[in-house]
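These notes are about the structure you will find just below.
Because the structure is a prediction, the values reported are computed rather than measured. Start at 1 and go down the list; that is how both ligands and their atoms are numbered. When reading the values below, keep in mind they use all heavy atoms of this one structure, side chains included, and skip hydrogens, waters and symmetry mates.
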Amino acid sequence: MVSAVSLRAVDISFNVTGKAPFRAVANADLDVAKGEFVAIVGPTGSGKSTLLNAAAGLLKPSAGVVEIHGKPLSGLNREAGYLFQADALMPWKTSRDNVAIALEIAGTPRREALARADEWLVRVGLRGFGDRYPHMLSGGQRKRVAMAQVLIRDPAILLMDEPFGPLDAQTRLIMGDLLLDLWQQDRKAVMFVTHDLEEAISLSDRVVILSTGPDARIMGDFPIGLERPRDVSEIKLTPEFQSLHRDIWHILKEQVLKAYGHSTGMKA
Ligand SMILES: Nc1ncnc2c1ncn2[C@@H]1O[C@H](COP(=O)(O)OP(=O)(O)OP(=O)(O)O)[C@@H](O)[C@H]1O
């Protein structure tokens, strides 16, 4: 079957003035199937965002190919919705308008866009919050608006870069449950970047590990067979979760220590 996202032998290098190009990611092969939820974890600076940006079409690989549903990607990946750590809400627009605008710029008439925005605000648990401006919302509520803004366009692929990073631990769990609820309804292909191994295991079908950069490689690919639907706080208490966590952490820890050694000049 054709993958939703496919990276083949992808290298990504950055030009740094006065120095040799910096190869952040080397020879990455990664397939994300339609409907599959894949988490990417790795030490800081290992190239997680870089890989995601290549799948988004924001970065062009220096070698290798990115394919989206079997077709080589050139320019922006228009089949993907992108959710960053910092949300992209417009402070001068209400929640309702912030969500509706995603449809309006694609040509949907305003009245219809507003009606669908209202439906989406309900789906993300924000009934009655449509008239609030972003500064009148909590961090978790803003994140819900941002999710509605991305999902209302019904992208086939979701690219998420530490989307819950700035939230407190409890709100992260609640947002994880909301994300899984929505994902369960129509199973988009998801690439989810996170530092947090527990979050990665509790949400995904597969956890992919990146090694310490430069020349970061995909050095682990773990299927997560935990049953669905999942409750992200409950699932962590199961022996299956704990055993997966132990196995993956065993590999990841070495890379995290290496990255720490690089940044401090100490050997891991
Ligand atoms: N525009 C750029 N120019 C030069 N180097 C870059 C550029 N963007 C990223 N890098 C380097 O590429 C490497 C990978 O960066 P990336 O942001 O993908 O890592 P990450 O794993 O997402 O990190 P973190 O977990 O800290 O967010 C890092 O060493 C970074 O310094």
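Heavy atoms only, all atoms of each residue included: Pro134 and Leu89 are closest at CG-CB, 4.1 Å.
Across the listed options Glu162, Lys48, Lys19, Lys48 owns the non-hydrogen atom lying nearest to atom 25 (O) of ligand 1. Ranked by closest heavy atom to atom 19 (O) of ligand 1, the top entry among Pro43, Gly42, Gly47 is Gly47.
Using a 4.5 Å heavy-atom cutoff, the side chains of Asp161 and Leu83 are not in contact. Between Leu226 and Phe241, some side-chain heavy-atom pair lies under the 4.5 Å cut-off. Side-chain contact between Thr194 and Lys48 is absent, with no heavy atoms from C-beta onward closer than 4.5 Å. Contact annotation: the side chain of Arg217 never approaches that of Leu210 to less than 4.5 Å [non-hydrogen atoms, C-beta and beyond].
The distance from ligand 1 to the heavy atoms of Phe22 drops below 4.0 Å at these ligand atoms: 11 (C), 12 (O), 13 (C), 29 (O). Counting atoms of ligand 1 from 1 in the listed order, those under 4.0 Å from a heavy atom of Ala24 are 12 (O), 13 (C). Heavy-atom contacts of Thr50 reach the following atoms of ligand 1: 14 (C), 15 (O), 16 (P), 18 (O) (cutoff under 4.0 Å).
Side-chain rings of Phe37 and Trp183 approach one another, their centers coming within less than 6.0 Å.
By the criterion of a heavy-atom distance under 4.0 Å, both the backbone and the side chain of Ser46 are placed next to ligand 1.
Thr44 OG1, 2.6 Å is the protein heavy atom nearest to atom 26 (O) of ligand 1. With respect to atom 14 (C) of ligand 1, the closest heavy atom belonging to the protein is Gly45 O, 3.3 Å. Remark: minimum distance from atom 17 (O) of ligand 1 to any protein heavy atom is reached at Ser49 CB, 3.8 Å. Looking at atom 10 (N) of ligand 1, its nearest protein heavy atom turns out to be Phe14 CE1, 3.4 Å.
Considering Arg123, Met175, Gln149 as possible partners of Arg144, the one that fulfils the side-chain contact (heavy atoms from CB on, under 4.5 Å) test is Met175.
Within the 4.0 Å cut-off (strictly below), no protein heavy atom is located near atom 31 (O) of ligand 1.
At under 3.5 Å, not a single nitrogen or oxygen of Asn15, backbone or side chain, sits near a nitrogen or oxygen of ligand 1.
Look at Arg110 and Asp97 and you find a salt bridge, because one of the NZ, NE, NH1 or NH2 atoms lies within 4.0 Å of a carboxylate O, short of that distance.
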